[in-house]
Amino acid sequence: MVRLTRAQQQARTRAAVLAAARAEFVEFGYGAAKVDRIAERAELTRGAVYSNFPGKRALYLAVLVDLVEQADTPLAAEEPGSAGEALSTFARVWLDRLPLVDDPAAGGRLHLRSLTGVIEDETGRAVLAQTARLEALLLALTLESCASEDPPSRRVRLAELALTLLGGSSLIAEQAPGFGDPFDRARACEHLASLDLTDVWAPAHLPYVTPAARVQEPWAPPADVRDPLTADMVDLTSDGVVVVLGGARLEAAEEAVRSARPGEQVTIVVVTDDAANTGQLIRLRVGDLVACLRQVSPSPLPEHLHLVFDDDGRVAAAVGLPEAGDSTEAAVRVRGKAVVARAEGRGAAYAVAKPETARTEGATT
């Protein structure tokens with residue numbers, strides 16, 4: 001009999017706990033589920049469960065993340081012809097998971113990635129709101145890629161409207177399965193694209209942002225980080241902007257995306273105070289959204305945009321942030337495998353990414 005390594009044994013234990021937890025949540029739902037029963041299902045001790053997951057919420061989020069990451073998601077065969085077509089397809093994909101009238105309540109909620117009763121603390125709600133802003137940005141970038149005008153108009157407000165309608169549909173489906181026609185909602189989302197929302201990106205604080213500091217520092221980031229947007233490895237040594245954002249500052253991602261030069265690599269690095277709870281919550285919501293976007297377009301997001309979940313803090317440490325957490329907002333510009341500009345605090349992404357900084361650094365290095 002081949003003896004398992006410690007890492008293999010840990011992976012097997014974690015898989016057993018997740019399988020048992022999934023069965024428990026399907027049968028009882030989140031509120032009535034018990035960690036003791038999960039341990040019994042997995043034929044493990046309660047301590048073995050807690051050695052892998054700090055609590056029931058972390059377990060539930062891990063189950064949902066596993067459902068998203070293990071799903072066999074079909075990919076779109078061609079690009080949508082318009083923002084309306086893209087939004088209609090996105091809505092149909094999103095609404096396809098709504099539970100039917102005869103679906104078991106707990107199983108239906110699991111299918112919905114329901115967070116009812118799960119995120120009830122202020123920190124969790126704040127992070128969820130910030131994650132929703134990041135979701136809206138990613139959906140907006142997909143819609144903007146379908147635009148006929150050049151440059152395309154900002155569509156974040158449109159994305160927010162669509163996500164509000166679809167999120168409300170999910171809540172109604174959880175409380176009253178079978179209510180309403182999902183095809184009507186998909187058509188409604190398509191028509192939202194024709195609204196004139198006068199969507200202009202002009203954050204009031206940007207004119208007051210302190211300029212980035214010009215530096216010349218070595219840059220040695222980890223080489224084994226993966227982008228959940230593409231499932232590919234990210235080369236952090238490439239020229240571009242690396243932005244480190246805590247779970248409570250995710251809305252600042254747009255500052256980097258809108259301010260960077262066209263085609264410049266922009267990497268958003270997500271850090272949190274609690275990887276097992278806050279980190280998994282962000283991973284769940286973003287992963288679920290991206291899975292939907294991949295069914296809308298073969299390449300829904302700009303190829304120069306990358307996302308990294310820095311659960312172990314190695315990327316943040318390379319940036320010079322050993323204590324990064326939910327409130328972190330910092331950025332560096334990388335050129336020639338060196339850091340040539342850096343900024344911290346509100347507006348850091350904008351300070352480092354804006355073209356004026358890029359031109360100045362190019363002239364001095």
Side-chain angles (χ1 to χ4, degrees), residues 10-35 37-39 41-42 49 52-76 90-100 102-119 124 127-128 131-132 134-135 138-139 163 166-167 169-171 173-174 177 182 226-231 270 272 274-296 300 307 309 311:
Q10 289 175 333
R12 175 175 288 187
T13 299
R14 181 182 173 85
V17 172
L18 281 177
R22 179 174 178 174
E24 177 77 4
F25 291 130
V26 166
E27 182 173 353
F28 293 100
Y30 176 77
K34 302 293 183 183
V35 173
R37 282 200 300 261
I38 292 173
R41 289 176 186 268
V49 174
N52 284 273
F53 302 93
K56 187 171 75 169
R57 181 168 69 174
L59 243 178
Y60 181 74
L61 292 172
V63 167
L64 294 184
V65 169
D66 190 61
L67 282 174
V68 171
E69 293 182 346
Q70 299 302 319
D72 186 15
T73 303
L75 301 180
F90 177 80
R92 288 198 301 273
V93 170
W94 180 290
L95 295 167
D96 186 54
R97 63 187 178 203
L98 298 187
L100 302 175
D102 56 352
D103 283 347
R109 289 178 187 141
L110 208 63
H111 190 54
L112 272 173
R113 331 287 194 240
S114 171
L115 297 177
T116 300
V118 181
I119 308 300
V127 170
L128 194 55
T131 305
L134 179 58
E135 293 176 79
L138 297 177
L139 175 56
L163 290 174
L166 295 172
S169 296
S170 296
L171 287 175
E174 184 175 349
R226 191 174 297 278
D227 180 358
L229 302 180
T230 62
V270 178
T272 71
D274 184 354
N277 287 288
T278 305
Q280 288 290 75
L281 173 62
I282 300 169
R283 189 185 295 269
L284 167 66
R285 295 294 295 260
V286 172
D288 203 21
L289 179 92
V290 171
C292 292
L293 293 180
R294 286 176 179 159
Q295 298 177 69
V296 174
L307 184 71
F309 290 113
D311 292 340

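The figures that follow rest on heavy atoms only: side chains count, while hydrogens, waters and symmetry mates do not.
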What is the minimum heavy-atom distance between S169 and L95, and which atoms define it? CB-CD2, 3.8 Å
Has R226 got a side-chain atom pairing as donor or acceptor with A231's backbone, closer than 3.5 angstrom? yes
Under 3.5 Å donor-acceptor pairs involving side-chain atoms of residues 54-65, not counting sequence neighbours:
unit_1: K56; atom_1: NZ; unit_2: Y30; atom_2: O; d: 2.9
unit_1: K56; atom_1: NZ; unit_2: G31; atom_2: O; d: 3.2
unit_1: K56; atom_1: NZ; unit_2: A33; atom_2: O; d: 3.2
unit_1: R57; atom_1: NE; unit_2: N277; atom_2: OD1; d: 3.4
unit_1: R57; atom_1: NH1; unit_2: D121; atom_2: OD1; d: 2.7
unit_1: Y60; atom_1: OH; unit_2: S114; atom_2: O; d: 2.7

Between D288 and W94, does a side chain to side chain contact (heavy atoms under 4.5 Å, CB included) hold up when you go through it step by step? CA-CA 9 Å; D288 203 21; W94 180 290; 5.5 Å; no
The complete set of salt bridge (charged side-chain N to carboxylate O under 4.0 Å, His left out) pairs with one or both residues in residues 62-76, sequence neighbours excluded, reads none
Set out, in order, the CA-CA distance, both residues' side-chain angles and the distance that settles side chain to side chain contact (heavy atoms under 4.5 Å, CB included) for R22 and L67, then state yes or no. CA-CA 9 Å; R22 179 174 178 174; L67 282 174; 3.0 Å; yes
Which heavy atom of L307 sits nearest to which heavy atom of P228, and what is that distance? O-CD, 3.1 Å
Looking at CG of L110 and CZ of R97, how far apart are the two atoms once the value is rounded to the nearest 0.5 Å? 12.0 Å
Taken to the nearest 0.5 Å, the spacing of L229 CG from R294 CZ works out to 7.5 Å
Side-chain heavy atoms of L289 within contact of L163, under 4.5 Å: yes
Minimal non-hydrogen separation, A20 against I38, with atom names: CB-O, 3.5 Å
List in chain and number order the residues that pass side-chain hydrogen bond (donor to acceptor under 3.5 Å, both in side chains) with E24, two or more places apart in sequence or in another chain; answer none if no residue qualifies. R37, R41
With side chain to side chain contact (heavy atoms under 4.5 Å, CB included) as the test, would you mind laying out the steps for L284 and L115 before giving the verdict? CA-CA 11 Å; L284 167 66; L115 297 177; 4.2 Å; yes
Verify side chain to side chain contact (heavy atoms under 4.5 Å, CB included) between L171 and T116, making sure each step is shown before the conclusion. CA-CA 9 Å; L171 287 175; T116 300; 4.2 Å; yes
Counting distance only, does the side-chain N/O of R113 pair as donor-acceptor with the main-chain N or O of H111 below 3.5 Å? yes
Any side-chain heavy-atom pair from L134 and R285 closer than 4.5 angstrom? no
Considering all heavy atoms, the nearest Q280-A276 contact: CG-O, 3.3 Å
Non-hydrogen side-chain atoms of F53 and L18 separated by less than 4.5 Å: yes
